[in-house]
Number of protein chains: 2
Amino acid sequence: MNRQIHGRPYQVTEQGPLFTPCAPHSVLARLGDKWTILVMSHLAIAPGYRLRFSALKKGIEGITQRMLTRTLRNLERDGLVIRHYFPEVPPRVEYELSEMGASMLPALESFTSWIRNNWPQIEENRRIFNKAQPIDSE
Amino acid sequence: MNRQIHGRPYQVTEQGPLFTPCAPHSVLARLGDKWTILVMSHLAIAPGYRLRFSALKKGIEGITQRMLTRTLRNLERDGLVIRHYFPEVPPRVEYELSEMGASMLPALESFTSWIRNNWPQIEENRRIFNKAQPIDSE
DNA sequence: CAGGATCCCAACTGATACTG
DNA sequence: CAGTATCAGTTGGGATCCTG
């Protein structure tokens with residue numbers, strides 16, 4: 001019998017439910033990488049959900065040209081961001097949240113809202129855990 | 001001036017908003033790793049949000065003992081999962097979603113719901129993108 | 001049964017230099 | 001300006017073997 005939770009199908013077997021790796025992970029893995037959420041957030045508050053490359057680079061502290069390019073390529077590849085190239089001299093490139101990218105914002109906000117509310121406790125838990133287990137401290 | 005989006009504070013400067021890396025990433029990074037969502041999902045549908053180590057291992061296809069242990073330690077460290085150790089022979093260990101862990105489920109579900117709805121389009125976008133740019137295909 | 005210790009490889013990330 | 005190319009360091013993940 002096939003059921004789903006968290007967008008993840010699982011088989012109900014005699015030994016219990018059996019999960020197999022699937023779609024949601026490959027999206028969460030993208031959002032979980034170092035810069036993606038920062039880029040998404042920055043576009044989310046931009047007029048028209050749109051910014052040029054240099055504006056993103058200036059607005060995100062510590063990101064390198066290479067990592068910004070890679071992050072944007074990944075988002076473009078998934079169709080969350082649209083790349084607008086203007087063949088001028090010097091060149092100008094703007095990045096815009098796609099309709100699908102913008103449609104993710106409410107769900108993302110509800111989730112990050114949970115994180116915001118629970119972050120102090122998580123931080124405290126980590127501190128306590130690290131004190132008890134001085135190995136593997138971050 | 002300080003504002004927030006997606007749980008992420010940013011400075012409104014004369015050159016525009018400036019984001020700095022912070023809390024939400026370290027939570028999303030955890031959920032984005034290879035096995036965490038699978039473990040959370042499995043506990044979410046278990047009676048009492050509780051399962052023993054061997055049950056988790058059997059239910060998650062392909063996970064190794066080492067990675068299951070590491071994933072559970074990380075969740076325990078954040079306080080999302082509680083470890084119950086029974087000093088029997090042979091030993092028995094059960095893992096249970098904490099109150100905070102369970103409180104995450106609705107938000108997580110709303111987000112994975114978005115993924116579920118949009119996954120077909122994302123998959124299609126990746127396929128098209130890879131055809132246009134045969135390099136860097138996954 | 002649950003997990004610790006080791007070794008190894010692949011992927012992510014960063015720094016730097018170069019280019020249309 | 002907006003990239004690409006290259007190299008190096010670090011981390012994630014898997015395979016295997018060992019133990020209370």
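The chains referred to below are lettered A, B, ... by the order of the sequence lines, with proteins before strands, and numbering in each begins at 1. Given the structure is predicted, the values throughout are model-derived calculations rather than measurements.
The B:Arg52 side chain lies nearest to C:dA2 when the options are D:dC1, C:dT13, C:dA2. If you check D:dA2, D:dG14, C:dG4 against the side chain of A:Phe53, the one that comes closest is D:dA2. For A:Lys34, the side-chain atoms get nearest to C:dG14 when compared with the rest of C:dG14, C:dC1, D:dG13.
Following rounding to the nearest Å, B:Leu68 (CG) and D:dA15 (C1') show an atom-to-atom distance of 16 Å. In this entry the distance linking CD1 of A:Ile63 with P of D:dG3 reads 12 Å, nearest Å. In this structure, B:Ile60 atom CD1 and D:dG13 atom C1' are separated by 15 Å, rounded to whole Å. Rounding to whole angstrom units, CD of residue B:Glu61 and C1' of D:dG14 are separated by 16 Å. Note: CD (B:Glu94) to P (C:dC1) measures 15 Å, nearest angstrom. Distance CZ (B:Arg73) to P (C:dA2): 12 Å, rounded to an integer number of Å. Rounded to whole angstrom, the span from the CZ atom of A:Arg83 across to the P atom of D:dC1 amounts to 16 Å. Between the CG atom of A:Asp33 and the C1' atom of D:dT10 there is a distance of 16 Å, rounded to whole Å.
Among the protein residues, B:Tyr95 comes within range of the sugar-phosphate backbone only, with heavy atoms under 4.0 Å from sugar or phosphate atoms but none that close to a base.
Between A:Arg30 and the phosphate of C:dC12, there is no side-chain N or O to OP1/OP2 separation shorter than 4.0 Å. Between A:Ser54 and D:dA2 there is a side-chain N or O to OP1 or OP2 distance below 4.0 Å.
Between the side chain of B:Ser98 and the backbone N or O of B:Leu80, at least one donor-acceptor pair lies under 3.5 Å. A:Thr112 contributes no side-chain N or O that, together with a main-chain N or O of A:Ile115, makes up a donor-acceptor pair within less than 3.5 Å.
Scored by the salt bridge (charged side-chain N to carboxylate O under 4.0 Å, His left out) test, B:Glu123 finds no partners at all (sequence neighbours excluded). B:Arg30 is linked by a salt bridge (charged side-chain N to carboxylate O under 4.0 Å, His left out) to B:Asp78, counting only residues two or more places apart in sequence or in another chain. B:Arg92 pairs by the salt bridge (charged side-chain N to carboxylate O under 4.0 Å, His left out) definition with B:Glu88, B:Glu94, not counting sequence neighbours. Legend: residues meeting salt bridge (charged side-chain N to carboxylate O under 4.0 Å, His left out) with A:Glu96, ordered by chain and number and at least two apart, are A:Arg50.
Contact check on B:Arg116 versus B:Glu109 returns a salt bridge, with a Lys/Arg side-chain nitrogen under 4.0 Å from an Asp/Glu carboxylate oxygen.
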For A:Met104 and B:Phe111: C-alpha separation, side-chain torsions, deciding distance, then whether side chain to side chain contact (heavy atoms under 4.5 Å, CB included) applies. CA-CA 8 Å; A:Met104 178 201 277; B:Phe111 187 67; 4.0 Å; yes
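End-to-end axis angle of the helix from C:dC1-D:dG20 to C:dG20-D:dC1, using five pairs per end and rounding to 10°, comes to 50°.
No side-chain N or O of A:Thr36 forms a donor-acceptor pair with one of A:Thr71 less than 3.5 Å apart.
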Treat primed atoms plus P, OP1 and OP2 as sugar-phosphate and everything else as base, then score nucleotides 15-20 of chain C 5' to 3': B for base contact with protein heavy atoms under 4.0 Å, S for sugar-phosphate contact only, - for none. B----B
